[in-house]
Amino acid sequence: MHSQAFPSLARRRFAMSGLAIGAGALVGKGAQAGDAAAPARASGPIVLHGQSPRLTVHALNTFHGEAATGLRIDFHSFDAEDYALLGSFTLNANGRTDEPLLVGDSYRTGRYQLLLHVDDYFAQKKAPLPGRPFLTKVPIRFQVANAQERIHLPIQFGPWSYTYSRGS
């Protein structure tokens, strides 16, 4: 029974050793050529080179394993006392907005909030969830400290959890 419970253990070990050997070969090949390791890229992906600084968002629905098409998001800025609504939008088929949230003159330093309507989203998708939703409206708060940097916010969420980070 032990071999049936873990039939892929040998395959995983083989794959991991293959990765280690391959990585060693790549490092060795670079060292033979005398090349120094390439420095980490400070700017965004090549497809964004030449574009002005901007704030973009991309959301993925981890419950269904797909882009969060149709998710409604309210976008706010902090005005020293409270969050003021800048606009609302619905994510497109790729889980993104059609245009950057902030770009050009609208892209300023400050504190911001995205309010994700997660409960409405899963109700619209008729997700088979037990009982009432655990997450309802999810606030994502962040700040732009340097308006010369491009900021991308990748968001992953499901009915019970969410995560986000600062991408470039």
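Just so it is clear, the structure is predicted and the values come from calculations on it, not from any experiment.
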Handout entry: Within 6.0 Å of CD in Q143, more than 12 heavy atoms from elsewhere
Key = yes
Completion exercise
Smallest heavy-atom separation, F134 atom then P159 atom, equals CB-O, 3.7 Å
Problem - Side-chain touch I140/I155, heavy atoms, less than 4.5 angstrom - result: yes
Practice task
Identify the two heavy atoms, one from P100 and one from V103, that lie closest to each other, and give their separation to 0.1 Å.
Solution key: CB-CB, 4.1 Å
Practice task
State, to 0.1 Å, how close A93 and A67 come at their nearest heavy-atom pair, and which atoms those are.
Solution key: O-CB, 3.7 Å
Handout entry: pair L114-L153: side-chain heavy atoms closer than 4.5 Å
Key = yes
Fill in the blank from the handout: Between S52 and R54 the two heavy atoms that sit nearest each other are O-NE, 2.9 Å
Problem - L71 and L116: CA distance, side-chain angles, deciding distance, side chain to side chain contact (heavy atoms under 4.5 Å, CB included) verdict - result: CA-CA 7 Å; L71 174 67; L116 285 60; 4.0 Å; yes
Completion exercise
Value for CD (E149) from CG (L55), rounded to nearest 0.5 Å, stands at 12.0 Å
Exercise for the section: Name all residues meeting the side chain to side chain donor-acceptor pair (under 3.5 Å) criterion together with Q124; count only those two or more places apart in sequence or in a different chain, and write none if there are none. Expected result: none
Exercise for the section: Give the minimum heavy-atom separation between P53 and Y107, together with the two atoms involved. Expected result: CB-CE2, 3.6 Å
Handout entry: pair H152-H58: side-chain heavy atoms closer than 4.5 Å
Key = yes
Exercise for the section: Determine whether the side chains of R108 and S106 contain a donor N or O and an acceptor N or O closer than 3.5 Å. Expected result: no
Distance-only criterion, 3.5 Å: show the donor-acceptor pairs between side-chain atoms of residues 76-83 and protein atoms not counting sequence neighbours.
| from | atom 1 | to | atom 2 | distance (Å) |
| --- | --- | --- | --- | --- |
| H76 | ND1 | Q113 | NE2 | 3.4 |
| D79 | OD1 | E81 | N | 3.3 |
| D79 | OD1 | D82 | N | 3.0 |

Fill in the blank from the handout: The salt bridge (charged side-chain N to carboxylate O under 4.0 Å, His left out) partners of R96 (sequence neighbours excluded) come to none
Exercise for the section: Name all residues meeting the side chain to side chain donor-acceptor pair (under 3.5 Å) criterion together with D74; count only those two or more places apart in sequence or in a different chain, and write none if there are none. Expected result: R72, S88, H117
Practice task
List the atom of N94, the atom of T69, and the distance in Å for their closest heavy-atom pair.
Solution key: N-OG1, 4.4 Å
Handout entry: hydrophobic_cluster_shared for V57 and F142, side chain cutoff 4.5 Å
Key = yes
Practice task
Decide yes or no for L91 and T97: does some side-chain heavy atom of the first lie under 4.5 Å from some side-chain heavy atom of the second?
Solution key: yes
Practice task
Spell out, yes or no, whether V138 and L86 are grouped together once hydrophobic residues are joined by side-chain heavy atoms under 4.5 Å, including indirect joins.
Solution key: yes
Completion exercise
Sequence neighbours excluded, the answer for side chain to side chain donor-acceptor pair (under 3.5 Å) partners of Q156 is none
Handout entry: K125 and E66 ion-paired at < 4.0 Å
Key = yes
Exercise for the section: Assign the ring pair F75 / Y112 to parallel, tilted or perpendicular, where the plane angle (0 to 90°) is split at 30° and 60°. Expected result: parallel
Exercise for the section: Check whether any side-chain heavy atom of V118 lies under 4.5 Å from a side-chain heavy atom of K137, and answer yes or no. Expected result: no
Handout entry: Partners passing ring pair (Phe, Tyr, Trp, His ring centres under 6.0 Å) against F157 (at least two apart in sequence or in another chain)
Key = Y121, F122
Handout entry: Joint cluster assignment, F89 & I151, ILVMFWY side-chain distance < 4.5 Å
Key = yes
Handout entry: L101 vs T56 side-chain heavy atoms within contact, under 4.5 Å
Key = no
